[in-house]
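Quick caveat: nothing in here was measured; it's all calculated off a predicted structure. Side-chain atoms are counted along with the backbone in the values below, which use heavy atoms only and exclude waters and symmetry mates.
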Number of protein chains: 4
Amino acid sequence: MIRVAIIGASGYTGAESIKIILRHSETELTYLTALPEECGAVEDVFPQFKGLCAMQIEPLDLDKLSNLADVALCCLPHKVSMGFVPNLLNAGLKVIDFSADYRLKDVAVYEKYYVKHTDTENLKHAVFGLPELFREQIKGAKLVANPGCYPTGAALAIAPLLKEDLIETDSIIVNAVTGASGAGNKPSAKFHFPNMNENLFPYGIGTHRHMPEIEQIASDVAGEKVTVLFQPHAGPFDRGILSTVYCQPKGKINNDQLIRLYNDFYAGEPFVRICSNAPAVKDVAGTNYCHVFPTFVKGKIVSFSAIDNLVKGASGQAIQNMNIIFNLAETMGLI
Amino acid sequence: MIRVAIIGASGYTGAESIKIILRHSETELTYLTALPEECGAVEDVFPQFKGLCAMQIEPLDLDKLSNLADVALCCLPHKVSMGFVPNLLNAGLKVIDFSADYRLKDVAVYEKYYVKHTDTENLKHAVFGLPELFREQIKGAKLVANPGCYPTGAALAIAPLLKEDLIETDSIIVNAVTGASGAGNKPSAKFHFPNMNENLFPYGIGTHRHMPEIEQIASDVAGEKVTVLFQPHAGPFDRGILSTVYCQPKGKINNDQLIRLYNDFYAGEPFVRICSNAPAVKDVAGTNYCHVFPTFVKGKIVSFSAIDNLVKGASGQAIQNMNIIFNLAETMGLI
Amino acid sequence: MIRVAIIGASGYTGAESIKIILRHSETELTYLTALPEECGAVEDVFPQFKGLCAMQIEPLDLDKLSNLADVALCCLPHKVSMGFVPNLLNAGLKVIDFSADYRLKDVAVYEKYYVKHTDTENLKHAVFGLPELFREQIKGAKLVANPGCYPTGAALAIAPLLKEDLIETDSIIVNAVTGASGAGNKPSAKFHFPNMNENLFPYGIGTHRHMPEIEQIASDVAGEKVTVLFQPHAGPFDRGILSTVYCQPKGKINNDQLIRLYNDFYAGEPFVRICSNAPAVKDVAGTNYCHVFPTFVKGKIVSFSAIDNLVKGASGQAIQNMNIIFNLAETMGLI
Amino acid sequence: MIRVAIIGASGYTGAESIKIILRHSETELTYLTALPEECGAVEDVFPQFKGLCAMQIEPLDLDKLSNLADVALCCLPHKVSMGFVPNLLNAGLKVIDFSADYRLKDVAVYEKYYVKHTDTENLKHAVFGLPELFREQIKGAKLVANPGCYPTGAALAIAPLLKEDLIETDSIIVNAVTGASGAGNKPSAKFHFPNMNENLFPYGIGTHRHMPEIEQIASDVAGEKVTVLFQPHAGPFDRGILSTVYCQPKGKINNDQLIRLYNDFYAGEPFVRICSNAPAVKDVAGTNYCHVFPTFVKGKIVSFSAIDNLVKGASGQAIQNMNIIFNLAETMGLI
């Protein structure tokens, strides 16, 4: 049994990770940590686990960690994570990091959108953990940067087009709507129920940190620099991201070829489904699936994707990465 | 034109009061106050009023207040309000207070559920502002204690039965569900969207402060001591309270008589509608109406009521009280 | 592997049953049926199963059924089910019936609330499938009447009190709120999104068919005739039932004894959790758990329970029953 | 007092129109019609109007209509409306038609997206009722085609850019999300609460009928042919449309000039507010306002708009048009 620690277990991605590991037949939870004020019995922090998980969430002790775990799911927030990851790696663990700290390869870009990077050494070796696009690199990784929720949905919607050089690389617009769990479990005025309910609004206009991340993935897949206009919105539902991606086809391709391209590109992928009509976030909520539907509208390609932001967009994908690293069936615990 | 000040204008009841006064033909807003950190242009604090209200919300200045207003809608929270109301009264204003500070006539009960009362003098003269039950007293009042949202719905559901001595006074159970705006605009873990959405839960079990308030109204109407078991719940919608009140009939009364009793009791009331079937909170949302439906089930009387907690349960009722005090048409601004 | 047929697989309980069986390690889906107009590939009827279930939903063919399955989950509606169940039994299958047709032992009561009963012979031998109360009888059953969603939540909330003769048997009031999936997948004006959203309303006032079912269970547990006033409401969420049950204690019992009683009564039960504070439907949504919290308020016992109406209130409980019948671990597929 | 008839009063736009007219000081409702099966007392069809409107909704009688009303708000659906409007005009009434039947000037386009047009004569004289863009023509109109909800939001978001020839006319992408009331009051599988709740999905991909309507308005404003890629989505809320419009600037314009352009273009408009940050549908819900926020992102102009689909997108705008036609204050009944 692979021993799993969750660092920062008290938030939504922590809970989702616990839930998946509890169902996973080849791994076991051995250590759960959080900030002191968020510690306590798992069943008190998350009543849904009463009787299923008798563990405590404790303040992090690195010595305990190194004895207790083979892999760490590091669910800490951006900027905080890079203060811990070096220690987790030094303790001999494989690390799957949920934050943005090891996603952006260009330190300057990271520092523009976040803060000064304090662990550029490990950043160099981190692998971007989007299995459908970078599976081979993930296999041998010690440190996986688990992708952001938006970048996951956006990248899967257009990767085949980028790979085959079928779209203008400066034409991509990603319009996305996320459910409110995407904002985390910390109460705020924007996500206070009477504000978020019956509401829908854009945010992060021109400034969202997932924009450079989407561009990095897109450029990696295309093999050339790709720019992306990314506009997120928040909607009144718990889970899910619907991405509507608009782009300008560059060569000649018809709708049948488009569908075939996507089916071929994702053939054998256990978690990508090419749909024959509009995807809906409810069809993927609570699952690790990504539903994709590409089509033509008025001469442009419009590609839709739907994921659950906490599963394929976070904890599910992390465990998919873990399965790959440890050479387990990729779907284990996830279906 | 009657000049209206709103003290504590930055919350939900402040916004609702502003909205109603803006439509009210015989009053005008002249002064809006809040805590310094919540001040600013009305259109910044509440984007929905852009172009409709050019005023500022300012820190309270009693001298300005006494020059600018005839009446204060005091939207401060419990415990805070009684620190301000004496000054508002001394400034020569009529006061309609939204807090609980002047509702409970028995100081000991107040102090059991809240804190030490610091203005028992004004408490003696305060009138309980539920127009359908205490209209005559409201007419000449200087200080009206605007009722709580739950007590409004619960009392209107059973007042006819209490008045006519038709139910056992120790048999009353009020089961109520409120929309989330009832918790106010301050973000909290319970009312964070991802917790409140897709949820329903009881709270204040055995301890809710509206229990003694309901008992006081019920006892006043009945002319004898009435006890009430009140159990509130919170549900995933913005506005509305549905109260389901169970009680044991004491004399002989059939269903036709029951309906007739309610229709007679509320005859001429502009804001109470006796329904012929199940009321729904959506039918009253955004209005000052209370929908009531009494019936018999298995030998017990079950009386349902629906109100909007922010209108009939707060700001609408306050302005209904203001209309009564100033001898205006009671429905002005409210239809 | 036990071979499972689902009769009437195209609705919500069908989908939920498919989902659970797909995760169940000792059973396999072998036959899915529905009305002709609702047939088709599972992945077309339920996009969430694309790639997970390659089966077709077909019109029922009894010969195929008898060859293909060991047990039938019969998800047909009330009144329809009893036209099929005799054939399913004759085909040699164990049957777990989701409808009300085999729940009410008193034919006269059934016929008052539903229609003329056409299969009273099998009714005699049907076992009421609430494992926490009737596990021994379920073990050897050929035909299990899977309980209604409301009766499940209500009965588990008060069974210990009834068993120990601690409450007045004519004092019980069950106030319950269900999520909208409880109304099934057929579009209707009441459950049209713009009506149900931001709404909450009572229904089935004095007439709901689960009232006699709750009374039957309560009487069976108490060993004497129990009457229950049951009032359901519908709220704007997908899943869950919160039951708030009020009753009059008859003997002397204090709060500590009450808690101990519940903990003892449900000791070892895998799906009942006694909570130490207010349960919330979101804590049980998507699970087979029932959260129960009993307490005293103003001299009455108030017991709260929360279940997922489609899981513990339908498909989960059916599979719990199936596990019991086939001597499998009771939690298999359900955790 | 101007006498108003509502033809097709039993739906959402009928209810919203009734609500507004009841508050309108210079008009009165004199005649309400619907299909026979949807007729009845207003207070039975719409419980929220109990005590406010004692009228009946009746089957249409043209003789009565011509005697009773000066203006008809024709809330009939597409294709049906053009069978009635000639009679309404012949009866001497001004007509404000909510359907698409008189919106598209090019009969061929109409017939491509709808059906054969049977009243091309009146179509020629119909005025497109978007006051902010076509106020002068509306003033003298006998027949106003009230705009679609999506076209209203989309057109107001980009009209200043089109008017000033600042964007590439083949670059416009309108990504919009509507609340579920946009689908009308007829129950359907898509808008059944358990499907629509916790969901978000695109629909009408490449085929939505508002696409040519948006193109027509855009072309009229620009004075040249404009093409638009329009992609609608449905989200889990009652009211509101958020439009996110992407377009390629063609000349040189900076952000300050952009903001100034919008402020100048809409100066004096009572119902358009230029925001300084992201608009939210909740800020306009229940109002006739359109909130607009234009900005630059990555070299493209992104312009957001928010409206209430039933008010500015339907009934409110109709009454705004009515006010213009009858030379009343344009905001009457709407603030």
Side-chain angles (χ1 to χ4, degrees), chain A residues 12 15-16 19-20 22-25 41 43-53 181 193-194 197-199 236-240 263 266-293 306-308 311 331-335, chain C residues 12 15-16 19-20 22-25 41 43-53 181 193-194 197-199 236-240 263 266-293 306-308 311 331-335:
Chain A
Y12 291 151
E16 197 68 25
K19 184 176 158 190
I20 297 170
L22 287 176
R23 282 190 173 155
H24 193 287
S25 53
E43 69 174 45
D44 291 335
V45 179
F46 302 119
Q48 70 266 35
F49 295 131
K50 193 170 177 182
L52 293 176
C53 181
S181 63
F193 185 89
N197 185 44
E198 293 294 289
N199 208 351
F237 51 101
D238 277 357
R239 284 162 172 255
N263 277 299
Y266 289 119
E269 283 299 338
F271 293 119
V272 178
R273 292 166 174 156
I274 308 306
C275 301
S276 51
N277 46 38
V281 296
K282 197 160 198 168
D283 289 337
V284 298
T287 83
N288 199 50
Y289 286 90
C290 178
H291 284 194
V292 179
F293 175 58
I307 60 167
D308 182 315
V311 188
T331 60
M332 196 171 278
L334 295 169
I335 285 185
Chain C
Y12 292 151
E16 197 68 26
K19 184 176 160 191
I20 297 169
L22 288 175
R23 283 190 172 155
H24 193 287
S25 54
E43 69 174 47
D44 291 335
V45 179
F46 302 119
Q48 70 266 38
F49 296 131
K50 194 171 176 182
L52 294 176
C53 180
S181 63
F193 185 89
N197 186 44
E198 293 295 287
N199 208 351
F237 51 102
D238 277 357
R239 284 162 172 252
N263 277 299
Y266 289 118
E269 282 300 337
F271 293 118
V272 178
R273 291 167 174 156
I274 307 306
C275 302
S276 51
N277 46 39
V281 297
K282 198 161 196 167
D283 290 336
V284 297
T287 83
N288 200 50
Y289 286 90
C290 178
H291 284 194
V292 178
F293 175 57
I307 60 167
D308 183 315
V311 189
T331 60
M332 196 170 278
L334 296 169
I335 286 184

Q | Leading residue by heavy atom contact count with chain C [cutoff under 4.5 Å; candidates V284(A), N197(A), T287(A)] | A | N197(A)

Q: Check whether D44(A) gets within reach of chain C through its side chain, its backbone, both or neither, counting any heavy atom under 4.5 Å.
A: neither

Q: Decide yes or no for R273(A) and E43(C): does some side-chain heavy atom of the first lie under 4.5 Å from some side-chain heavy atom of the second?
A: no

**Q.** Which portion of F46(A) sits near chain C, non-hydrogen atoms under 4.5 angstrom
**A.** neither

Q. K282(A) versus chain C, heavy atoms under 4.5 Å apart: side chain, backbone, both or neither?
A. side chain

